[in-house]
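Below: the structure, in structure tokens.
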Amino acid sequence: MAAKEAYNKSEMLICSAARQMEDGAICFIGTGIPMLAAALAKRTHAPRLVAAFEFGGMGPDLERLPVAVGDSRTFHRAPVAGSICDLMEAAARGMVEYGFLGGAQIDMFGNLNATVIGDHDKPKVRFPGSGGANDIGSLCWRTIAVMRHGKQRFVPRLDFLTTAGYLTGPGARERAGLAPGAGPFRVVTDLAILGYEPASCRMQVLKLQPGATLEAVRAETGFELLVAADLADNPPPTAEELRLLREEIDPEHLYT
Amino acid sequence: MAAKEAYNKSEMLICSAARQMEDGAICFIGTGIPMLAAALAKRTHAPRLVAAFEFGGMGPDLERLPVAVGDSRTFHRAPVAGSICDLMEAAARGMVEYGFLGGAQIDMFGNLNATVIGDHDKPKVRFPGSGGANDIGSLCWRTIAVMRHGKQRFVPRLDFLTTAGYLTGPGARERAGLAPGAGPFRVVTDLAILGYEPASCRMQVLKLQPGATLEAVRAETGFELLVAADLADNPPPTAEELRLLREEIDPEHLYT
Amino acid sequence: MAELKSGRGPLIRMLPPDEVRAWMRANKPKGQVSKLMTEREAIAKFVRPEQYVGVELYGGVRCPMSLVRELVRQRIGPLDLAGQGVLENDMLIAAGLVRRLDITYHGYEVYGTSPILRRACESGKVQTVEWSNAALAWRFKAAAMGLPFLPVRSMLGTGTFDYSGAKEILCPFTGVKLCAIPALHLDVGLIHVHRADEFGNCQIDGITGFAAEMARASKRLIVSAEEIVPHLEIQKAPDRTLIPYFIVDAVVHAPGGSLPGEMPYLYWRDDAHIKAYMEAVQTEEGAQRYLQEWVHGTRDHTDFVKKLGGEKRLAELRAEATTR
Amino acid sequence: MAELKSGRGPLIRMLPPDEVRAWMRANKPKGQVSKLMTEREAIAKFVRPEQYVGVELYGGVRCPMSLVRELVRQRIGPLDLAGQGVLENDMLIAAGLVRRLDITYHGYEVYGTSPILRRACESGKVQTVEWSNAALAWRFKAAAMGLPFLPVRSMLGTGTFDYSGAKEILCPFTGVKLCAIPALHLDVGLIHVHRADEFGNCQIDGITGFAAEMARASKRLIVSAEEIVPHLEIQKAPDRTLIPYFIVDAVVHAPGGSLPGEMPYLYWRDDAHIKAYMEAVQTEEGAQRYLQEWVHGTRDHTDFVKKLGGEKRLAELRAEATTR
């Protein structure tokens, strides 16, 4: 690989996440990687992507990168600056296709923990908590988790189930009262792009990141992974993606 | 009575209704007599009266008389131009003290009919329906009905119960699920000012309009009326009230 | 729970939210695309017989009259109606296009009851289900929130409840009795606004009535606007976008679209015309004559405004508009 | 219904709406009276130990920091908190004033978890009850609607539900399972706005977060405003009044009141200060040193702004503000 095309893990995550976004769709975006990914997607294959931010901003130009999901850049030159209820209720009505999520732990059904390690009332580690994640996981059609791969993150059993993935498997979301037809869609990590096998709702490897092997992915995953029949390689960030990211989107390297 | 102090029934109703309003209170106002009464009250004893209109206007100056509960005069120079949910929910929170109501029929518990005469599905007469009346009767602390007296209006049994008064008597509102401590407060007619006897929730005559007798009130009422121990006379419109009404509030005599 | 009552309904319209969710996902464009079209195109494209339709605001104020007249011109019916509206619903009923009505108030305010409603109901031609004003707005709000129902504290204990489609429930936290009202989704909603861009981002000046809720409760939403503005104007004040583009299906340019009703801050209502209308509709024949002359007798909204007196009459009504 | 679950709670705050109704009737002035006062007067007048308090917005944006600092200065606690807020709640917890927290998100967004929250929770000093962001906003909305609860479609099936005070219910119309969340009334709400008049009519520019709902859910509402404007300015645009006077109890003039956070369109956040804060609070001692220097070490908000760099620093942050 030429020197100018060297890239770090963050850049790979951002480019991989950007590629999951669809033109003309509404996506809930959180702080950090999803914001960069959305900014990148808007400048590449998805100019009409509508980035939605849970506190009310919707469809900003993303000329300058927001640093908080409520800051003024989340509604700069946007068609809408509304309220949290407004946007969450739009999601409840089925208007929001994608939601980006993160977390400290994920299980094979795409359930996420962003609350605690250990006992809830006397936790070993207290994380920030659900925030909008639970709502995004409950209300959006498809959620995309972006995380670093690792056994302490891809766990057989969550310490706490903050945000619904497929819960205990097929039909479990619907039995819990969540709207049908929705759920986890992708997990983007530094080692792979993962999806879910429709019949079992279990996580499966779809693509390997450049340089990663299936063995490496398995070694960093605490539960049994399925593998897609057409397992493919995720292409590395292109020179243009990296240029946009470094020169236009995050020139001050706030995030990368 | 001097000629210049002659007045018609509408004027008497308006002046009587205006006197029921309290300074610094929020009152739901409907089209017609309540609007004139509110405009008069603001110019006399209640300059800080806040007239609220169900479609969102609140606290207008009432310099020009609204002709509809949603027109632009209901929020002219007002602090708030909101929405129907906004104002109705403020009433649900206990913020609205008074509500004015009208109707085709009223019973001894202050229940009102503004829906039909005869069978609901094949009515003899179809009236406009509840509109905001049912909400005002359910949510405001005290409602004031303004009606012409007459046996066909003051009836022993309503054809249809559009808006809750005291329903079947003491405790009935609470049993139905309505918030406690609220209910009908006054009935202003061309013959009398009526209230409700607290123990029985039954309508009682508080004051007689100028020239009216208790016998006349009873003759025009289709149910047994209680009479306040301190039955008094309601003073006729003052020269100043009439002047304001005729010269400032409704100079084109749209309503009087 | 045996003692909890239900209104006898019927529920003219009750869509499961999950069905609507899937419909919204499949049918609403989520990117910003131009939706500008004529009133004729918009009505022909989105309104079908047997549908459930609603209009906003009320009392001849900011009313989508140009769209309603076009609906009458195209004679699309029978329709079910969400029942708020003085001139709009009145005209649709007069045109014989209405089958059932979720009524809350239908009358002429100070001018009393509607002879058109009276004839329709007293003859049994139009079936009514009763609601309060707020209950109907809250039913839209339930739909706007993506919920199948909302609890409210109106209607309890009354005939309005008994002849509605509401149900009593008990609060799971406090045990108090509440009135549960079902979400109300429109097949087509009609709203007139002050300004919109080509994508459907809308601003309203003054009270907003139940526009925010009804717009979000509409499967198809046709917006008419006094003014079509460049997108940049919307972008400069995104906090004024009451109705966002992604819930709008058609944007129709209609200056004077609320006539003969009022448009706050822009023009006052045409009282002479409204009075003439009210006199005309006292009889069935008069009502039909009015429709013939003012609706079928005008090609489109521009033609209607011209017939009303054109720019000269508009200037008079603008002069009477309420100021800021 | 036996299979329906309840979160294990506890409900830190659940007031019967009828009690709040009566309280609102008795205690809120409904006419327009001046409520201008200093931050010191407002906090001293309305905040008491053992109360349930909440702030808006979130993430160091339009945050009522001047009021929160004054609350810390007056050392009023223990308090229960509605848990949204990066800098505000963090500072109140650091000051040892918080007992229980209805948490949804408490962290530094891109900068990660809050060491202050970690120390408070991991030591068991602060008890948390879990909610989602929207659930907390909807709990305020329930209170704003005068209801004891709202049904929602979040939280179901998760530990967030299990460790909340929510309950499962069945929709009386469709039979679908829903999450019922109880109304959340604040004893005192703190909100920072762009402009207000002396009576408390408030305008906000940009996103409104959960200001409309939280304001209406507050028994006492203290508003700080960048600018106090003549009532006439409010009257000329009554459709911009997001928070009406009759729900406001105190109006405090606080230019730069959101600092070190951002105020949309007016000034960008003071990143240097926020980073220094985040470094300081890595240790308990550092957190106390920060409070000593920047809160107790400043007399009032004016003094705080002066210490931050006064007009010169403000001018820099204004230059970085997002444009329209």
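Chain A is the first sequence line, chain B the second, and so forth, proteins listed ahead of strands; every chain is numbered from 1.
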For this session: Using a cut-off of 6.0 Å, state whether more than 12 heavy atoms not belonging to Arg157(B) lie near its atom CZ.
Result: no
Exercise. For the side chain of Ser132(C) and the backbone of Gly132(B), is there at least one donor-acceptor N/O pair under 3.5 Å apart?
Worked result: no
For this session: Can you tell which part of Ser114(C) gets under 4.5 Å to a heavy atom of chain B, answering side chain, backbone, both or neither?
Result: neither
Exercise. When heavy-atom pairs shorter than 4.5 Å are enumerated against chain B, which of Ala134(C), Ala211(C), Gly157(C) gives the highest number?
Worked result: Ala134(C)
Problem set entry | Top contributor to chain C contacts, counting heavy-atom pairs under 4.5 Å, from Asp121(B), Leu158(B), Thr163(B) | Asp121(B)
Problem set entry | Check: Arg153(C) side chain, Ala92(B) main-chain N or O, donor-acceptor pair, under 3.5 Å | no
Problem set entry | Rounded distance (nearest 0.5 Å) linking atom OG1 of Thr158(C) with atom CG of Leu167(B) | 8.0 Å
Seminar exercise, completed: Honestly, the part of Ala179(B) sitting under 4.5 Å from a heavy atom of chain C is both
Seminar exercise, completed: Bottom line for Phe210(C): the part with an atom under 4.5 Å from chain B's heavy atoms is both
Exercise. Of the backbone (N, CA, C, O) and the side chain (C-beta and beyond), which part of Ile103(C) lies under 4.5 Å from a heavy atom of chain B, both, or neither?
Worked result: side chain
Exercise. Would you say Glu174(B) and Lys177(C) make side-chain contact, with heavy atoms under 4.5 Å?
Worked result: no
Exercise. Tell me, do Leu139(B) and Ser154(C) make a side-chain contact under 4.5 Å, heavy atoms counted?
Worked result: yes
Problem set entry | 4.5 Å side-chain heavy-atom contact, Glu130(C) and Thr162(B) | no
Problem set entry | Minimum-distance pair of heavy atoms, taken over all atoms of Pro128(B) and Thr113(C) | CD-CG2, 3.4 Å
Exercise. Any donor-acceptor pair under 3.5 Å linking the side chain of Glu122(C) with the backbone of Arg126(B)?
Worked result: yes
Seminar exercise, completed: Honestly, the part of Val110(C) sitting under 4.5 Å from a heavy atom of chain B is both
For this session: Name, in order of residue number, those residues of residues 65-76 of chain B that have a heavy atom at a distance of less than 4.5 Å from a heavy atom in chain C; otherwise write 'none'.
Result: Val67(B), Ala68(B), Val69(B), Gly70(B), Asp71(B), Ser72(B), Arg73(B), Phe75(B), His76(B)
Problem set entry | Ser123(C) portion near chain B, given a 4.5 angstrom heavy-atom threshold | backbone
Exercise. With no hydrogens and no angle check, is any side-chain donor or acceptor of Lys141(C) less than 3.5 Å from a backbone partner on Cys85(B)?
Worked result: no
Exercise. Quick one: CD1 on Ile207(C) to OG on Ser83(B), what's the gap to the nearest 0.5 Å?
Worked result: 9.0 Å
Exercise. What part of Arg175(B) gets closer than 4.5 Å to chain C, counting heavy atoms only: side chain, backbone, both or neither?
Worked result: backbone
Problem set entry | From Tyr105(C) atom OH to Glu54(B) atom CD, the distance as rounded to the nearest 0.5 Å | 9.5 Å
Exercise. Which bit of Trp268(C) is near chain B, if near means a heavy-atom gap under 4.5 Å: side chain, backbone, both or neither?
Worked result: side chain
Exercise. Rounded to the nearest 0.5 Å, how far apart are CZ of Arg64(B) and CD of Glu320(C)?
Worked result: 6.5 Å
Exercise. Would you say the side chain of Phe127(B) lies within less than 4.5 Å of the side chain of Arg118(C), judging by non-hydrogen atoms?
Worked result: no
For this session: Find the one option among Asp119(B), Leu178(B), Val125(B), Thr115(B) whose heavy-atom pairs under 4.5 Å with chain C are most numerous.
Result: Val125(B)
Exercise. Taking atom CZ of Phe161(C) and atom CG of Leu161(B), what is their separation to the nearest 0.5 Å?
Worked result: 13.0 Å
For this session: Could you look at Thr168(B) and say if it's the side chain, the backbone, both or neither that has a heavy atom under 4.5 Å from chain C?
Result: neither
Exercise. Do Ser130(B) and Asn133(C) get their side chains close enough for a donor-acceptor pair, meaning under 3.5 Å?
Worked result: no
For this session: Counting only heavy atoms closer than 4.5 Å, note whether Val80(B) contacts chain C via side chain, backbone, both or neither.
Result: neither
For this session: Any chance you could measure Leu112(B), atom CG, to Thr160(C), atom OG1, to the nearest 0.5 Å?
Result: 10.5 Å
